[in-house]
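The figures that follow rest on heavy atoms only: side chains count, while hydrogens, waters and symmetry mates do not. Remember, predicted model here, so these are calculated numbers, not experimental data. Each chain gets a letter, A, B and so on, in the order the sequences are listed, and its residues count up from 1.
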Amino acid sequence: MIQALRGMKDLLSPSSEKYIYFVENCSKIARNYGFEYIETPILEETALFKRSVGESSDIVGKEMYQFTDKGGNDVCMRPEGTAGVVRAFIQQKYDKAKVQKKFFYYGPMFRYERPQKGRLREFHQFGVESFNQSNIKEDASIILMLKEMLDFFGIGYRLELNSLGCSECMPAYREKLVEFLKGEDGICEDCKRRRDTNPIRVLDCKNQRCQDIYINAPLLIDNLCPTCRGDFAKLKEILDGFEVKYIVNPKLVRGLDYYNKTAFEFVSDDIGAQSAIAGGGRYDKLVEYLDGKPTSGIGFAMGIERLMELIVMPESKRVGYYVGALCDEASEPCFELAIKMRKTQKTALNYDKKSLKAHLKNADKQNVRYCICIGEDELAKDKIWIKDLQDKKERLISRDELLG
RNA sequence: GUGAGUGUAGCUCAGUUGGUUAGAGCAUCGGGUUGUGGUUCCGAGGGUCGUGGGUUCGAUUCCCAUCAUUCACCCCA
C-alpha cells in the first residue's frame, strides 16, 4: 500500500472544514485591517531562503526540501512564507515606488524535520506582511489583529514580547554576550555550538543548568539604543491602553535571522512541547538583503495545525435535503428531482431503493434538515413526502411547491 | 540527527505463562410483521495479530532486523 510521506497528512472532513473555517475568518479580519490576499509559489530559488531566513538557522542548514530541477536550477520548497512575499514585493518594484503594502497569505510550508506533536513536514501557515510602515503603531495594530483572530476562535494564549534591537544596538550587544559566554564553560554542548553560530539563541536554551548561568547574562533589553528603547516603551504603552496582556520576555529570540526590533510570540500550554502558535516581528533590513530599496517590514505567521488543535467548531445546524426512493419506479423521479433541487439547495441523493426507516436513518446521519421520500403512494398521488427532521412535522406537497 | 514508547477488525483497545475455531465496544450492513430517524433489542460481515528472519514439534506471543507511527530533545509556527 502506498501511503503519504512521513510528516505529510491528508486533510479530510471534519479537519478540512475546520481549516476553511479558520482561514476564512482570519482572512476577514485581515481585510478589515487593510490586508490583501497574496499567493506566491511554493517553489523558489534556494538563494532566496539562504539570504532571508539565514544560513545559520537550522531551517536553511538542514531542514529544507532542496533539489536541482530539470533545468539545473537550485530550488527549494518554501520553509516559511515571508521570503516569498518580500521577493514578490521587490519584483513588483513596490520598493522603488515606496508604497505601503499589506498582504496576507496562507498555504503549505515544508521542513524536513522529525515529526512530532504540532510538527509536520508539510504544515500550513497563515501570515501577514506589512511594508513601509515604520511607525510603532503598526507593530501594535498587527499584534492587536492577531489577538483579535485568536480571540475570535476562543483560543487561550500567552503573549510574549521582546525587542531585538536594530543595527545600532544589536551588534554591540552580541559582542557583549559572546564575551560573557567565553567565560562560561559549564554550558551545554548545544549552547557551545550556538555560541559560534547564533549566540543570541543560547538565551532560550531549555537546559536548566544553562539557564542558571544565564541569570547573570547581559540582556538586549538593557542595551537598546534610545530609539529602540523609546519605541518598545511606546509599544507597551499602546498595548496597555487596549488592555492587551503580555509579558516581556527578554530571552525571547526569533528563529529566523531577518528579525529586528519588535519580536513577539503567542504561546499555548495545551498543545504539547511545540507550543508556539504564532510568532512574528519586525524585519526592517530584509528588503535590502534581497536587493530591494530600503523598506521597513513587519509581519507574523500562525501555525494552522497547532491552532486547529485548539479550535472548537460551532455546532453545525441541520441544513439541506435528502432524497430517497421507496420503490424502484420512484428512483428515476427522485434522481430528476434532486438534480433540479441542487440548483438552489444542498441536496443529498441516495440512488438505492430503501425502506423509509433506512432513508430516515441516512438523512439523520447526514445531518440534513429535510428528508424527502417518494414511493408508490406518492407516485399515485403525484405528490412528494417531506419530513422536517428538526420539528418532526411531515406532509405531502406537490413538485411545484417544493421547487418553487 | 539523538532518545524512549507503540504496531492485533474500518476506529479505540483487550488477550495469548508459546498449543486447536483470536475477543469487546464503536462503526458498517440487515432484521424486530405490512412506509417513520437521531436514545432500544437481535443478528451478520470483516483480522495471513506491521513485514522479514531466527529459536521451537508448534510463534500473534520469545529473540533479532526492518518499516511505520507516537512522544520528547534539537529546531520552530
Side-chain angles (χ1 to χ4, degrees), chain A residues 1-9 53-54 56-64 78-82 106-127 146 150 157 188-191 193-194 197-198 201 204-207 252-256 259 264-268 271-281 299-310 318 322 324-327 330 352-371 373-378 385-390 392-394 396:
Chain A
M1 182 181 64
I2 296 173
Q3 49 181 331
L5 261 41
R6 158 169 277 202
M8 312 227 167
K9 288 233 167 77
V53 177
S56 73
S57 74
D58 275 24
I59 295 177
V60 169
K62 49 191 191 193
E63 294 174 0
M64 289 209 295
R78 63 182 185 195
E80 58 98 47
T82 302
Y106 52 86
M109 308 293 164
F110 301 84
R111 266 123 89 162
Y112 196 86
E113 302 182 271
R114 208 51 185 271
Q116 73 182 71
K117 192 172 173 65
R119 197 175 70 188
L120 293 165
R121 288 184 174 179
E122 180 184 18
F123 62 103
H124 296 75
Q125 289 190 332
F126 183 103
L146 182 45
L150 297 176
Y157 54 82
C188 69
E189 289 304 312
D190 285 326
C191 280
R193 181 173 48 79
R194 284 186 280 237
T197 57
N198 197 353
R201 280 229 78 104
D204 69 349
C205 179
K206 282 177 187 162
N207 193 316
L252 171 71
V253 287
R254 311 265 51 248
L256 287 57
Y259 286 109
F264 57 89
E265 202 161 277
F266 284 74
V267 184
S268 166
I271 50 169
Q274 307 304 313
S275 56
I277 50 179
F300 69 73
M302 296 188 264
I304 300 183
E305 281 82 359
R306 290 181 189 177
L307 262 332
M308 293 211 310
E309 293 246 325
L310 298 164
R318 288 187 178 278
Y322 171 101
L326 300 169
C327 60
D352 300 323
K353 177 205 86 173
K354 281 185 192 299
S355 68
L356 181 64
K357 181 175 181 164
H359 279 313
L360 280 164
K361 230 173 192 172
N362 278 334
D364 180 54
K365 225 176 302 173
Q366 292 180 41
N367 208 31
V368 299
R369 176 82 192 263
Y370 302 98
C371 179
C373 287
I374 301 179
E376 287 164 7
D377 297 356
E378 288 75 21
W385 181 87
I386 180 165
K387 177 163 184 176
D388 185 329
L389 297 182
Q390 199 166 289
K392 303 177 190 201
K393 282 181 190 146
E394 59 184 84
L396 282 174

Chemist: Roughly how far apart, to the nearest Å, are B:G52 and B:U60 at atom C1'?
Modeler: 15 Å

Chemist: For the side chain of A:Arg114, starting at C-beta, report the closest nucleotide among B:A77, B:G35, B:G1.
Modeler: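 Of B:A77, B:G35, B:G1, B:G1 is nearest to the side chain of A:Arg114.
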
Chemist: Between the base of B:C74 and the side chain of A:Arg119, is one N or O donor paired with an acceptor at under 3.5 angstrom?
Modeler: yes

Chemist: Looking for any heavy atom pair under 4.0 Å, which part of the strands does A:Phe123 touch: base, sugar-phosphate only, or nothing?
Modeler: base

Chemist: Rounded to whole angstrom, note down the C1' distance from B:C26 over to B:C64.
Modeler: 37 Å

Chemist: Rounded to the Å, how far apart are A:Lys354 NZ and B:G31 P?
Modeler: 9 Å

Chemist: Decide yes or no for A:Leu396 and A:Asp377: does some side-chain heavy atom of the first lie under 4.5 Å from some side-chain heavy atom of the second?
Modeler: no

Chemist: May I ask you to decide whether A:Glu122 forms a salt bridge with A:Lys9, counting only side-chain N to carboxylate O separations under 4.0 Å?
Modeler: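 So A:Glu122 does not pair with A:Lys9 through a salt bridge.
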
Chemist: Are A:His124 and A:Tyr106, when compared by the centres of their aromatic rings, separated by less than 6.0 Å?
Modeler: no

Chemist: Taking OP1 and OP2 of B:C75, is either one under 4.0 Å from a side-chain nitrogen or oxygen of A:Gln274?
Modeler: no

Chemist: Take N1-N3 plus N6-O4 or O6-N4 for Watson-Crick, N1-O2 plus O6-N3 for G-U, both under 3.5 Å. Which runs of 3 or more such pairs involve RNA chain B?
Modeler: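 The stems are B:1-7 with B:67-73, B:10-13 with B:23-26, B:28-32 with B:40-44, B:50-54 with B:62-66.
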
Chemist: Could you measure between the two C1' atoms, the one in B:A14 and the one in B:C67, and give it in whole Å?
Modeler: 26 Å

Chemist: Return the value, rounded to whole Å, for the distance between atom CZ of A:Arg6 and atom P of B:G7.
Modeler: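 The answer, rounded to whole Å, is 17 Å.
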
Chemist: Touch check for A:Ile277, heavy atoms < 4.0 angstrom, all strands: base, sugar-phosphate only, or nothing?
Modeler: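 Sugar-phosphate contact only.
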
Chemist: Can you tell which of B:C73, B:A77, B:U36 lies closest to the side chain of A:Leu360?
Modeler: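 Among the listed nucleotides, the one closest to the side chain of A:Leu360 is B:U36.
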
Chemist: Grab the OH-P distance between A:Tyr112 and B:A77 for me, whole Å please.
Modeler: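 Rounded to the whole Å, the gap is 21 Å.
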
Chemist: Round to the nearest Å and state the distance from A:Met8 atom CE to B:U70 atom C1'.
Modeler: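 Whole-Å distance recorded here is 18 Å.
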
Chemist: Would you say a side-chain N or O of A:Lys365 is under 4.0 Å from OP1 or OP2 of B:U28?
Modeler: yes

Chemist: Pairs under 3.5 angstrom, nitrogen or oxygen only, protein versus nucleotides 40-47 of chain B, please.
Modeler:
none

Chemist: Counting only distance, no hydrogens or angles, is the base of B:G1 paired donor-acceptor with the side chain of A:Glu63 under 3.5 Å?
Modeler: no

Chemist: Starting the side chain at C-beta, find the nucleotide from B:U70, B:C74, B:G38 nearest to A:Lys392.
Modeler: B:G38

Chemist: Select from A:Glu265 and A:Leu5 the residue whose nearest nucleotide in RNA chain B is closer to the 5' end of that strand.
Modeler: A:Leu5

Chemist: Is any side-chain N of the basic residue among A:Arg111 and A:Asp58 closer than 4.0 Å to the acidic one's carboxylate O?
Modeler: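 Salt bridge absent between A:Arg111 and A:Asp58.
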
Chemist: Hey, mind stepping through A:Gln274 and A:Arg306 against side chain to side chain contact (heavy atoms under 4.5 Å, CB included) and telling me if it holds?
Modeler: CA-CA 8 Å; A:Gln274 307 304 313; A:Arg306 290 181 189 177; 3.4 Å; yes

Chemist: Which of the following nucleotides, B:G35, B:U69, B:G37, is nearest to the side chain of A:Leu389?
Modeler: B:G37

Chemist: Contact between A:Arg6 and A:Pro115 at the side-chain level, heavy atoms closer than 4.5 Å - yes or no?
Modeler: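 Yes; the side chains approach each other to less than 4.5 Å.
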
Chemist: Does the pair A:Phe110 and A:Arg121 meet the rule for a side chain to side chain contact (heavy atoms under 4.5 Å, CB included), with working shown?
Modeler: CA-CA 5 Å; A:Phe110 301 84; A:Arg121 288 184 174 179; over 6 Å; no

Chemist: What distance, rounded to whole Å, do you find between the two C1' atoms, one in B:U17 and one in B:U39?
Modeler: 43 Å

Chemist: Hey, is the main chain of A:Arg114 close enough, under 3.5 Å, to the side chain of A:Arg119 for a donor-acceptor pair?
Modeler: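 Pair found, side chain donor or acceptor close to backbone of A:Arg114.
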
Chemist: Which is more 5' along RNA chain B, the nucleotide nearest A:His124 or the one nearest A:Gly7? Just name the residue.
Modeler: A:Gly7

Chemist: Measure CZ/A:Arg369 against C1'/B:G37 and give the value in whole Å, please.
Modeler: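 After rounding, the reported distance stands at 15 Å.
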
Chemist: How many Å lie between CD1 on A:Ile386 and P on B:G37, as a whole number?
Modeler: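 To the nearest whole Å, that distance equals 18 Å.
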
Chemist: Side chain of A:Gln3: nearest nucleotide among B:G38, B:U36, B:A68?
Modeler: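 So the nucleotide nearest the side chain must be B:A68.
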
Chemist: Identify which nucleotide among B:C71, B:G35, B:A77 has an atom closest to any side-chain atom of A:Trp385, counting heavy atoms from C-beta outward.
Modeler: B:G35

Chemist: Answer with base, sugar-phosphate or nothing: what part of the nucleic acid does A:Asp364 contact at a heavy-atom distance below 4.0 Å?
Modeler: base

Chemist: In whole angstrom, give me the gap between the P atoms of B:G15 and B:C71.
Modeler: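 My reading of the P atoms in B:G15 and B:C71 gives 24 Å.
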
Chemist: With a 4.0 Å limit, can you tell me whether A:Gln116 has a side-chain N or O closer than that to the phosphate oxygens OP1/OP2 of B:C71?
Modeler: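 No, because none of the side-chain N or O atoms of A:Gln116 sits under 4.0 Å from OP1 or OP2 of B:C71.
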
Chemist: Do A:Tyr370 and A:Tyr322 have side chains that approach each other closer than 4.5 Å (heavy atoms only, starting at C-beta)?
Modeler: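 No, too far: nothing below the 4.5 Å cut-off.
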
Chemist: Flag the pair A:Leu389 / A:Asn367 as yes when at least one side-chain heavy-atom distance between them is below 4.5 Å, and no otherwise.
Modeler: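 No - every pair of side-chain heavy atoms lies 4.5 Å or more apart.
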
Chemist: Is A:Gly127 touching bases, backbone alone, or none of the nucleic acid, heavy atoms closer than 4.0 Å?
Modeler: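 No contact at all - A:Gly127 keeps every heavy atom at 4.0 Å or more from the nucleic acid.
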
Chemist: Provide the distance between the two C1' atoms, one in B:U51 and one in B:U69, to the nearest whole Å.
Modeler: 14 Å

Chemist: Categorize A:Asn362 for me: base, sugar-phosphate, or nothing, with a 4.0 angstrom heavy-atom threshold over every strand shown.
Modeler: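 The answer is nothing, as A:Asn362 stays clear of every strand by at least 4.0 Å.
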
Chemist: Which whole number of Å gives the distance between the C1' atom of B:A4 and that of B:G25?
Modeler: 30 Å

Chemist: Quick one: label A:Ala363 by what it contacts on the DNA or RNA (base, sugar-phosphate, nothing), any heavy atom closer than 4.0 Å.
Modeler: nothing

Chemist: In whole Å, measure the gap between the P atoms of B:U8 and B:G50 for me.
Modeler: 6 Å

Chemist: What I'd like to find out is whether the side chain of A:Leu326 reaches to under 4.5 Å of the side chain of A:Lys354, using heavy atoms alone.
Modeler: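 Heavy-atom side-chain distance check fails, nothing below 4.5 Å.
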
Chemist: Using a heavy-atom cut-off of 4.0 Å across all strands, would you classify A:Lys9 as base, sugar-phosphate, or nothing?
Modeler: sugar-phosphate

Chemist: Output the rounded distance in Å from CE (A:Met64) to P (B:C75).
Modeler: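 So the CE-P distance, A:Met64 to B:C75, works out to 18 Å.
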
Chemist: Looking at every heavy atom in both A:Ile59 and A:Met64, which two are closest together, and how far apart are they?
Modeler: O-CG, 3.1 Å

Chemist: Determine the contact category for A:Gln366: base if any of its heavy atoms lies under 4.0 Å from a base atom, sugar-phosphate if only primed atoms, P, OP1 or OP2 are that close, otherwise nothing.
Modeler: nothing

Chemist: Could you walk me through whether A:Tyr259 and A:Val253 satisfy the side chain to side chain contact (heavy atoms under 4.5 Å, CB included) test, starting with their C-alpha distance in whole Å, then the side-chain angles of each, then the deciding distance to 0.1 Å, before giving a yes or no?
Modeler: CA-CA 9 Å; A:Tyr259 286 109; A:Val253 287; over 6 Å; no

Chemist: May I have the distance from A:Leu120 (atom CG) to B:U69 (atom C1'), rounded to whole angstrom?
Modeler: 13 Å

